[in-house]
Amino acid sequence: MQETKVCILGAGPAGATTALQLAYMGIPCLVVDKAVFPRDKVCGDGLSGKVLTQLSRIDKGIAERLQQLVFKEDSWGVSFVAANRMGINIPYKPNYQKLPGEPRGFVCKRIHFDNFLVDEMKRCPQIRLIEGKAITKYTLQPDGYLLSDAAGTLHIKAQLVIAANGAHSGFTKEVANIHMEPAHYVAGIRAYYTGIGGLHPDNLIELHFLKNVLPGYFWIFPLPNGEANVGIGMLSKVAGKRKANLKQMLLDAVQHDPVMKERFKNATLLGNIDGYGLPLGSKKRRLSGERYLLVGDAGFLIDPFTGEGIGNAMYSARMAAAQAAASITANDYSAASLQAYDAEVYRVLGPELTMSTRLQRLIRFPWLFNMLMRLSAGNQELQQLLSSMFHEVDIRKKLASPGFYLRLLLKW
Ligand SMILES: Cc1cc2nc3c(=O)[nH]c(=O)nc-3n(C[C@H](O)[C@H](O)[C@H](O)COP(=O)(O)OP(=O)(O)OC[C@H]3O[C@@H](n4cnc5c(N)ncnc54)[C@H](O)[C@@H]3O)c2cc1C
């Protein structure tokens with residue numbers, strides 16, 4: 001029997017960030033992951049500025065070491081292309097100079113990024129990491145949680161469980177009673193290609209609202225060595241209704257879409273096309289209960305518009321670590337006291353999730369995006385406004401309001 005105050009299930013971005021934040025506060029923890037690292041995770045591999053911000057808040061050294069990682073590609077913005085083929089390039093910062101301190105994102109295969117975080121955990125003596133064991137049994141006892149794997153080879157007694165075991169978390173379903181709802185869940189697939197033509201020299205990540213894929217989107221995220229992550233995400237409710245075969249849709253887009261077939265004519269598919277779920281934060285959920293907290297995908301916190309989950313996983317992870325520290329000090333792991341974690345997560349991420357939910361609904365009206373692209377082509381002022389949307393929730397609020405489009409039509 002291994003005893004610990006805090007046991008973290010999962011060593012992905014959510015679990016690793018929680019453990020690192022605890023370690024840098026001097027609090028020991030035990031982390032268990034069913035995989036042995038390095039391991040792959042189906043993802044778009046896009047890391048926003050939130051990732052660096054969260055890591056540097058734990059310790060500047062971690063963020064600096066991430067900047068030096070050779071497996072990632074810097075990206076200076078996003079290219080949105082509407083169904084009418086009109087597009088705009090929106091840098092993370094207007095008039096950027098590609099200088100070290102400028103805001104930017106990264107694209108990094110998860111096999112490398114997650115392993116970087118695991119290596120960071122291995123530098124911390126306060127973190128005990130057990131790999132290759134899936135925790136599948138959770139028994140709440142008066143003095144803590146008893147956790148074990150299916151084979152009965154690992155037994156852990158923990159005061160507090162932090163479930164960070166991703167979109168398919170058994171803990172989320174069985175203990176927190178939160179289940180997949182097709183209206184708040186996206187089905188996503190990802191492929192790696194090499195040799196795609198027409199990538200932007202500043203590695204802008206591309207979101208294409210292709211007619212045949214709406215209300216989902218097709219993405220191309222440039223990786224090092226001329227590779228790119230290519231994928232499609234679609235609301236599960238829509239994908240289910242249409243009986244959509246996302247793999248076939250991706251291959252059709254690459255082979256038959258008039259623009260893509262040109263860009264992919266010399267491209268080669270590397271490996272398989274793989275899929276995974278994206279639990280969206282478009283519905284508020286209870287993220288804590290007696291002796292447990294849910295973080296990252298296990299707490300359904302993915303941005304419903306951008307599909308970004310890593311940044312939000314890391315935000316919630318640092319808040320979970322702060323809550324764990326407070327619970328240890330007070331020796332109080334009751335459901336009532338842990339509600340403070342829910343309040344903090346929704347105070348910080350709530351406004352952004354609400355705005356993104358509204359924007360996600362607007363994608364169902366392709367003419368709106370067509371209009372936005374048409375009006376913003378060559379319009380510096382409007383482009384700057386859209387550019388600020390990455391940093392300012394107030395701007396997203398504008399974008400999510402129907403009045404914004406009316407004013408846009410009248411003004412431009
Ligand atoms: C197709 C697709 C594209 C995406 N694109 C992006 C993107 O470009 N940018 C972005 O920010 N987000 C993206 N996301 C979302 C992102 O992948 C997730 O939000 C992110 O991985 C969440 O991190 P996490 O640590 O919560 O979960 P995960 O990364 O899933 O980690 C969970 C960990 O728990 C372990 N585990 C599972 N069960 C158990 C168990 N029973 N016991 C012990 N360990 C267990 C797993 O092995 C895993 O290591 C995408 C998702 C998909 C599916």
Side-chain angles (χ1 to χ4, degrees), residues 1-19 21-22 25 27-32 134-149 155-181 184-185 279-302 309 312-351 353-354:
M1 176 74 73
Q2 310 227 22
E3 296 209 4
T4 179
K5 287 215 162 102
V6 184
C7 181
I8 301 169
L9 310 183
T17 307
T18 312
Q21 180 64 74
L22 283 169
M25 292 191 292
I27 300 171
C29 65
L30 175 62
V31 184
V32 190
I135 298 295
T136 52
K137 290 185 193 149
Y138 339 88
T139 313
L140 179 61
Q141 298 181 327
D143 58 345
Y145 253 104
L146 195 58
L147 307 165
S148 52
D149 64 337
H155 300 282
I156 299 164
K157 185 69 177 271
Q159 297 295 304
L160 179 69
V161 177
I162 300 187
N165 50 346
H168 301 165
S169 165
F171 191 95
T172 298
K173 282 183 223 142
E174 290 162 39
V175 179
N177 199 22
I178 299 175
H179 298 270
M180 182 272 203
E181 292 170 74
H184 302 282
Y185 206 84
L280 303 180
S282 45
K283 179 175 166 182
K284 200 171 171 183
R285 283 150 173 120
R286 184 74 207 274
L287 302 176
S288 62
E290 196 64 26
R291 291 187 182 273
Y292 74 81
L293 303 172
L294 307 178
V295 298
D297 281 11
F300 283 61
L301 288 172
I302 294 183
N312 286 358
M314 294 171 89
Y315 258 94
S316 62
R318 289 191 52 246
M319 292 170 204
Q323 178 59 54
S327 301
I328 291 169
T329 306
N331 193 25
D332 182 357
Y333 305 93
S334 63
S337 71
L338 294 176
Q339 279 200 43
Y341 165 70
D342 293 56
E344 186 60 3
V345 169
Y346 286 113
R347 183 186 71 77
V348 175
L349 296 178
L353 289 172
T354 306

Closest heavy-atom pair and its distance - Asp297, Ala167 | CB-N, 3.5 Å
Closest non-hydrogen contact found for Gly289 with Leu338 is O-CD1, 3.2 Å
How close do Met25 and Ala325 get, heavy atom to heavy atom, and via which atoms?
-> CE-CB, 4.1 Å
Decide yes or no on side chain to side chain contact (heavy atoms under 4.5 Å, CB included) for Tyr341 and Val295, but give the supporting numbers first.
-> CA-CA 10 Å; Tyr341 165 70; Val295 298; 3.1 Å; yes
Within a strict 4.5 Å, meaning less than it, do heavy atoms of the Tyr346 and Lys284 side chains meet?
-> yes
Can you check side chain to side chain contact (heavy atoms under 4.5 Å, CB included) on Leu353 and Leu280, steps first, answer last?
-> CA-CA 9 Å; Leu353 289 172; Leu280 303 180; over 6 Å; no
Taking side-chain hydrogen bond (donor to acceptor under 3.5 Å, both in side chains) as the test, write out the residues that go with Glu181, two or more places apart.
-> Lys283, Arg285
Hey, could you give me the OG1/CD distance between Thr136 and Glu174, rounded to the nearest 0.5 Å?
-> 8.5 Å
Do the non-hydrogen side-chain atoms of Ile178 and Leu294 ever get within less than 4.5 Å of each other?
-> yes
Indicate whether the side chain of Gln323 and that of Ser327 have a donor and an acceptor atom separated by less than 3.5 Å.
-> yes
Answer yes or no: is there a donor N or O on one side and an acceptor on the other, between the side chain of Glu290 and the main chain of Ala335, under 3.5 Å?
-> yes
Backbone N/O of Gly296 and side chain of Ser316: donor-acceptor pair under 3.5 Å | yes
side-chain contact (heavy atoms from CB on, under 4.5 Å) with Val161: of Val175, Leu147, Thr4, Ile156, only one passes, and it is Leu147
Give every residue pair that meets the salt bridge (charged side-chain N to carboxylate O under 4.0 Å, His left out) criterion with at least one member in residues 319-348, sequence neighbours excluded.
-> Arg286-Asp342, Glu344-Arg347
For Lys137 and Asp149, work out which heavy atoms get closest and say how close.
-> NZ-O, 4.3 Å
Evaluate the side-chain proximity of Met319 to Leu293: yes if any heavy-atom separation is below 4.5 Å, no if none is.
-> no
Residues that His155 engages under ring-ring contact (aromatic ring centres under 6.0 Å, His included), provided they are two or more places apart | none
When rounded to the nearest 0.5 angstrom, what distance separates CZ in Arg291 from CD1 in Ile162?
-> 13.0 Å
How far apart are the closest heavy atoms of Leu22 and Ala324, and which atoms are they?
-> CD2-CB, 4.1 Å
Mind checking whether Ile27 and Lys5 have side chains closer than 4.5 Å, heavy atoms only?
-> no
Is there a donor-acceptor contact under 3.5 Å from the side chain of Ser169 to the main chain of Asn165?
-> no
Residues which pass salt bridge (Lys or Arg N to Asp or Glu O under 4.0 Å) with Lys173, listed by chain and number, not counting sequence neighbours = none
Of all heavy-atom pairs between Cys7 and Val32, which one has the smallest distance, and what is that distance?
-> SG-CG2, 4.2 Å
Side-chain contact test, heavy atoms from C-beta onward, threshold under 4.5 Å: evaluate it for Ile302 versus Asn312 and give yes or no.
-> no
Set of residues satisfying ring-ring contact (aromatic ring centres under 6.0 Å, His included) with respect to Phe171, sequence neighbours excluded | Tyr138, Tyr145, Tyr292
Taking only residues two or more places apart in sequence, or in another chain, which ones meet Asp143 in a side chain to side chain contact (heavy atoms under 4.5 Å, CB included)?
-> Gln141, Lys157
Evaluate the side-chain proximity of Ile328 to Val6: yes if any heavy-atom separation is below 4.5 Å, no if none is.
-> yes
